[in-house]
Amino acid sequence: MNNFLNELKWRGMLADVMPGTEDWLNQGPIAGYVGFDPTADSLHVGHLVQIMLLVHLQRAGHTPIALIGGATGMVGDPSGKSQERNLLTPDTIAHNTQAIQKQMEAFLDFSSAKLLNNLDWFGNMGFIDFIRDVGKHIPVNYMTAKESVKKRLETGMSFTEFTYQLLQGYDFYYLYQHHHCRLQMGGTDQWGNMTTGTELIRRKAGGEAFAFTTPLITKADGTKFGKTESGNVWLSPEKTSVYDFYQFWLRSSDADAARYIRIFTLKSKEEVEALESEHQGAPHELKLQRCLAEDITQRVHGQEGVIMAEKTSNFLFGKASTEELKSLSEKEILQIFNGVPTFFISHSDLSSCSELADLLAVKTSIFSSKGEARRMIQSNAVSVNQSRVANDFLPAPENLIQGKYLLVQKGKKNHNLIVIQ
RNA sequence: GGGGAGAUACUCAAGCGGUCAACGAGGACAGACUGUAAAUCUGUUGCCAACGGCUUCGUAGGUUCGAAUCCUGCUCUCCCCA
């Protein structure tokens with residue numbers, strides 16, 4: 001029954017495991033949970049690791065529980081945060097909760113998996129009840145020994161955030177009592193909160209519960225995973241276009257791609273190893289990165305998303321000439337440049353431009369200032385309609401594709417579409 | 001309650017009356033090389049009508065021909081004593 005931990009192990013998804021977890025998992029189907037706080041109206045790629053845990057759990061025949069923190073999100077988890085954060089309003093949290101719940105449904109089969117919201121059990125609990133029923137069981141010295149608290153003792157931490165581990169601990173206790181859940185999973189930064197839960201279960205219910213964590217996902221160069229120049233990579237296509245999402249994975253380095261494909265896809269060990277050796281034989285084909293990007297984009301945005309992102313990528317990074325670009329029909333243009341940042345300007349905007357930098361920094365915000373635009377143009381970094389241009393170049397009507405489009409490329413990887421209407 | 005230190009650009013961090021749009025490092029972006037990789041080398045990194053101009057050094061005033069640098073009030077942060 002339990003290939004679960006082994007599966008996670010070869011994929012490099014195991015960091016700390018509480019003693020006894022494996023033995024217990026071997027005893028038969030169990031229920032395990034991961035919590036997600038609704039701090040934004042979409043999950044991002046960092047959450048994907050945790051989601052994959054639930055997916056593996058389900059595939060191993062167990063019951064995954066995705067817990068949305070409608071209540072804990074009101075408080076704010078201090079883990080891994082060096083500063084106190086602002087509270088979100090209840091409205092925002094409710095909205096975020098809904099959005100995240102919806103996203104969850106794409107990954108798990110909720111005919112057997114469970115989707116819960118801890119507001120359901122915290123919503124009506126009074127403060128006095130809480131400190132009597134929960135607070136009484138966990139000593140403050142135990143709480144302050146946690147890394148998440150210790151780190152903040154000097155710089156300061158509100159009582160609110162200090163309490164967070166108790167809330168999360170109670171979640172685990174509640175799931176233990178009502179859903180036979182004895183396993184909690186999460187990122188390494190959650191370890192302290194997770195052990196507060198097992199401790200509460202031990203003290204309050206005399207029960208035994210288990211936990212393990214996934215390692216912090218990093219990039220080979222040591223920088224933070226899941227960020228691009230424009231910020232977080234979100235699962236919501238409104239916040240990160242499907243094209244950008246696909247590109248995020250495609251651009252990962254060889255070392256990263258090999259690790260990511262284990263973590264974020266369900267490909268078997270044999271498949272992964274075969275891909276790796278294939279990749280080594282012809283690294284320029286980016287086989288590993290392509291498979292990775294395709295697989296994840298497929299899971300998050302569906303087959304259509306993959307087709308579109310690939311089409312756009314192939315066009316923009318292929319050697320499409322100005323002529324090829326000009327030969328595109330309007331329909332093709334709209335299809336290909338879907339997901340590429342687009343700016344709308346008027347014909348008078350275009351004709352009133354005194355220089356290219358004016359068009360790129362003032363009429364559109366492709367660059368943040370004219371100075372920057374000029375510098376970039378001077379360093380040979382800007383192309384219009386697939387050919388390098390100088391600052392004295394100004395698009396004339398005959399340069400517009402289909403009479404209304406301009407493709408502006410900044411550097412190697414940033415494409416923008418200007419629509420003149 | 002008493003005493004001390006400090007607040008500089010994305011971050012760290014120099015500067016202590018003119019030569020400061022502000023040393024240096026990191027980061028970021030770009031160019032070359034490549035494979036939309038890594039490493040390496042190079043350039044850029046306040047804004048503009050640009051061999052010049054304008055606005056920046058917590059905030060509000062003041063001294064001075066001239067201030068990030070000196071003085072005063074205010075706000076915030078940290079440390080020590082009680």
Side-chain angles (χ1 to χ4, degrees), chain A residues 81-84 151-158 218-233 240-261 275-294 296-297 306 309-320 336-337 339-341 352-363 365-384 386-392 394 407-416:
Chain A
K81 305 287 188 307
S82 56
Q83 275 193 329
E84 185 85 14
K151 261 202 255 165
R152 292 273 296 276
L153 245 32
E154 286 289 316
T155 53
M157 162 184 234
S158 66
T218 53
K219 292 202 285 181
D221 60 9
T223 56
K224 219 171 177 180
F225 166 78
K227 296 249 185 200
T228 64
E229 44 175 308
S230 45
N232 274 332
V233 179
T240 299
S241 77
V242 178
Y243 165 72
D244 285 333
F245 185 85
Y246 176 89
Q247 283 284 324
F248 167 75
W249 299 102
L250 189 75
R251 284 173 192 168
S252 40
S253 67
D254 290 3
D256 290 334
R259 286 188 302 128
Y260 295 169
I261 204 157
L275 266 171
E276 277 175 324
S277 61
E278 207 177 323
H279 179 76
Q280 270 167 6
H284 57 280
E285 284 173 18
L286 309 183
K287 190 99 188 186
L288 209 49
Q289 283 88 339
R290 282 183 208 284
C291 279
L292 175 71
E294 187 186 325
I296 305 174
T297 307
V306 174
E310 283 180 343
K311 201 165 179 180
T312 308
S313 301
N314 290 338
F315 186 87
L316 294 178
F317 290 94
K319 295 172 287 269
I336 287 175
F337 296 123
V340 173
S352 66
C353 283
S354 52
E355 55 175 331
L356 188 56
D358 193 24
L359 173 69
L360 303 183
V362 182
K363 304 300 195 289
S365 49
I366 294 172
F367 290 97
S368 56
S369 76
K370 278 210 246 182
E372 191 195 349
R374 283 199 205 101
R375 282 195 298 270
M376 286 292 136
I377 292 166
Q378 246 158 39
S379 61
N380 209 23
V382 177
S383 299
V384 172
Q386 301 294 91
S387 53
R388 300 272 163 160
V389 291
N391 196 31
D392 56 11
L394 266 177
L407 179 63
V408 178
Q409 184 178 354
K410 146 173 112 174
K412 204 181 285 184
K413 303 172 190 169
N414 291 293
H415 302 269
N416 303 81

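Chain letters run A, B, ... following the sequence lines, proteins first, then strands; residues in each count from 1. No hydrogens, no waters, no symmetry mates; every other heavy atom, side chains included, goes into these values.
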Step-by-step side-chain contact (heavy atoms from CB on, under 4.5 Å) determination, A:Arg290 to A:Leu250: CA-CA 6 Å; A:Arg290 282 183 208 284; A:Leu250 189 75; 3.7 Å; yes
Spacing of [X] atom [atom1] relative to [N] atom [atom2], expressed in whole Å:
X: A:Lys413; N: B:A30; atom1: NZ; atom2: P; value: 7 Å
X: A:Met376; N: B:A32; atom1: CE; atom2: P; value: 13 Å
X: A:Gln409; N: B:U36; atom1: CD; atom2: C1'; value: 11 Å
X: A:Arg251; N: B:A38; atom1: CZ; atom2: C1'; value: 16 Å
X: A:Lys287; N: B:G35; atom1: NZ; atom2: P; value: 18 Å
X: A:Leu250; N: B:A37; atom1: CG; atom2: P; value: 10 Å
X: A:Asn391; N: B:A49; atom1: CG; atom2: P; value: 11 Å
X: A:Asp254; N: B:U36; atom1: CG; atom2: P; value: 12 Å

Minimal non-hydrogen separation, [X] against [Y], with atom names:
X: A:Thr240; Y: A:Asn232; result: OG1-O, 3.7 Å
X: A:His279; Y: A:Lys287; result: ND1-N, 3.6 Å
X: A:Ile377; Y: A:Ala390; result: CG2-C, 3.6 Å

Of the listed nucleotides B:C48, B:G35, B:A30, the one nearest the side chain of A:Asn414: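 Of all the options, the side chain of A:Asn414 is nearest to B:A30.
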Side chain of A:Arg388 - closest among B:C47, B:G31, B:C29: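 Closest nucleotide among those given: B:G31.
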Under 4.0 Å, counting only non-hydrogen atoms across every strand here, what does [X] touch: a base, just sugar-phosphate, or nothing?
X: A:Asn380; result: sugar-phosphate
X: A:Arg374; result: base
X: A:Ser313; result: base
X: A:Gln247; result: base

Using the [atom1] atoms only, state how far [M] lies from [N], rounded to an integer number of Å.
N: B:A32; M: B:A37; atom1: P; value: 12 Å
N: B:A28; M: B:C79; atom1: P; value: 32 Å
N: B:A22; M: B:U69; atom1: C1'; value: 12 Å
N: B:G17; M: B:G52; atom1: P; value: 27 Å
N: B:G3; M: B:G73; atom1: P; value: 14 Å
N: B:U45; M: B:C23; atom1: C1'; value: 16 Å
N: B:C47; M: B:C41; atom1: P; value: 27 Å
N: B:G43; M: B:G53; atom1: P; value: 27 Å

Mutual orientation of the aromatic rings belonging to A:Trp249 and A:Phe225 [parallel < 30°, tilted 30-60°, perpendicular > 60°]: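 Geometry flag for A:Phe225 against A:Trp249: tilted rings.
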Tell which nucleotide pairs with [N], taking only Watson-Crick or G-U wobble pairs whose two distances are both under 3.5 angstrom.
N: B:A82; answer: none
N: B:U69; answer: none
N: B:A7; answer: B:U75
N: B:C47; answer: B:G53
N: B:U40; answer: B:A32

Note, A:Asn391 side chain near A:Gln378 side chain (heavy atom, < 4.5 Å):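 Side chain of A:Asn391 against side chain of A:Gln378, heavy atoms only: no contact under 4.5 Å found.
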A:Leu316 vs A:Phe337 side-chain heavy atoms within contact, under 4.5 Å: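 Of all side-chain heavy-atom pairs linking A:Phe337 with A:Leu316, at least one is under 4.5 Å.
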Polar side-chain contact A:Arg375-B:U44 base: donor and acceptor under 3.5 Å: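 Flag unset: no donor-acceptor pair detected.
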B:U44 base / A:Glu372 side chain donor-acceptor hit below 3.5 Å: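 Check fails, no donor-acceptor contact within cut-off.
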First of A:Gly411 and A:Arg290 reached from the 5' end of RNA chain B, by closest nucleotide: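 Its nucleotide being nearer the 5' end, the pick is A:Gly411.
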A:Ala381 or A:Val362, whichever maps to the more 5' nucleotide of RNA chain B: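 Final value for this comparison: A:Ala381.
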Any A:Ser369 side-chain nitrogen or oxygen under 4.0 Å from OP1 or OP2 of B:C47: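 Checking B:C47 against A:Ser369, a side-chain N or O does come within under 4.0 Å of OP1 or OP2.
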